[in-house]
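These notes are about the structure you will find just below.
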Amino acid sequence: MTRSQLVRRLFCRYKEDRQQAPVDIKDIERGVKTILEQVSSSLSNGRRVEIRGFGSFFVHTLGARTGRNPKTGDPVSLPVRCVPRFRPGKALREGVNSCR
């Protein structure tokens, strides 16, 4: 699912619930963008982000190692780097496993 598909689904779901105040699709788009920016910002600062029932995002540090150039096979020194990781929550794991 892309970001624009997520925005459209949220907007369609919002339109089904007529008891709420009117919201424009641009408001939903801004909300999704803000959430994703905050998750990115927290991870950039080395903080963990947990969304209960969904999962958690965290930063994992990969140590320095020796890799190989795929064309030549020569050893290449790779520096320490940080990568984002995601660990699904129990509810998400169970939901995904139930569709098989």
Side-chain angles (χ1 to χ4, degrees):
M1 174 184 293
T2 64
R3 184 188 303 195
S4 59
Q5 289 170 332
L6 175 62
V7 168
R8 273 189 254 124
R9 281 193 182 185
L10 289 172
F11 184 68
C12 289
R13 188 169 226 180
Y14 168 79
K15 285 191 335 186
E16 292 171 359
D17 186 7
R18 305 239 186 249
Q19 297 175 354
Q20 296 181 6
V23 172
D24 186 31
I25 194 164
K26 292 291 182 188
D27 295 329
I28 294 175
E29 192 173 326
R30 246 177 297 178
V32 169
K33 183 179 177 186
T34 302
I35 290 169
L36 295 176
E37 285 173 352
Q38 289 301 311
V39 169
S40 295
S41 174
S42 292
L43 291 173
S44 295
N45 292 324
R47 293 190 307 252
R48 183 173 180 264
V49 176
E50 181 180 337
I51 302 171
R52 297 279 165 102
F54 182 70
S56 59
F57 298 90
F58 58 97
V59 176
H60 181 72
T61 303
L62 298 175
R65 63 187 177 91
T66 302
R68 296 253 175 225
N69 181 332
K71 281 189 174 181
T72 64
D74 294 337
V76 177
S77 151
L78 299 173
V80 173
R81 65 186 182 126
C82 296
V83 293
R85 294 279 170 96
F86 175 73
R87 182 173 294 131
K90 182 179 177 184
L92 178 60
R93 278 194 317 270
E94 289 173 354
V96 169
N97 285 330
S98 70
C99 69
R100 289 187 174 173

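Taking NZ of Lys90 as the reference point, atom CZ of Arg52 lies at 14.0 Å (rounded to 0.5 Å). Rounding to the nearest 0.5 Å gives a distance of 10.5 Å between CD of Glu29 and OG1 of Thr34. Note that CZ of Arg87 is 7.0 Å distant from CZ of Arg48, once rounded to the nearest 0.5 Å.
Looking at Asp27 and Arg30, their side chains come closer than 4.5 Å, going by heavy atoms from C-beta outward. Side-chain atoms of Gln5 and Arg3, non-hydrogen and from C-beta on, never get closer than 4.5 Å to each other. Inter-residue side-chain proximity for Val83 and Leu62 is flagged as met; some heavy-atom pair is nearer than 4.5 Å. Leu10 places a side-chain heavy atom less than 4.5 Å from the side chain of Leu6. Side-chain atoms of Phe57 and Ile51, non-hydrogen and from C-beta on, do get closer than 4.5 Å to each other. In this structure, Thr66 and Leu78 have side chains that are not in contact, with every pair of non-hydrogen atoms separated by 4.5 Å or more.
Annotation for Cys82 and Thr61: closest pair SG-OG1, 3.7 Å, computed over non-hydrogen atoms. Contact between Gly73 and Arg68 at its shortest, heavy atoms only, is O-NH1, 3.0 Å. Counting all heavy atoms, side chain and backbone alike, Phe11 lies closest to Val23 at CE1-O, 3.5 Å. Counting all heavy atoms, side chain and backbone alike, Gly53 lies closest to Ala91 at O-CB, 3.6 Å. Val59 and Gly46 get closest at one heavy-atom pair: CG2-CA, 4.4 Å. Across Ser98 and Gly95, no two heavy atoms sit closer than the pair OG-O, 2.8 Å.
Side-chain N or O atoms of Asn45 include none that pairs as donor or acceptor with a backbone N or O of Arg47 at under 3.5 Å. Counting only distance, with no hydrogens or angles, the side chain of Arg85 and the backbone of His60 share no donor-acceptor pair below 3.5 Å. Distance alone, capped at 3.5 Å, places no donor-acceptor pair between the Ser42 side chain and the Val39 backbone.
The hydrophobic cluster containing Ile25 also contains Leu36, counting ILVMFWY residues as joined when their side-chain heavy atoms lie under 4.5 angstrom apart, directly or transitively.
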field: Residues Leu92, Phe86; criterion side-chain contact (heavy atoms from CB on, under 4.5 Å); working and verdict
entry: CA-CA 12 Å; Leu92 178 60; Phe86 175 73; 3.9 Å; yes
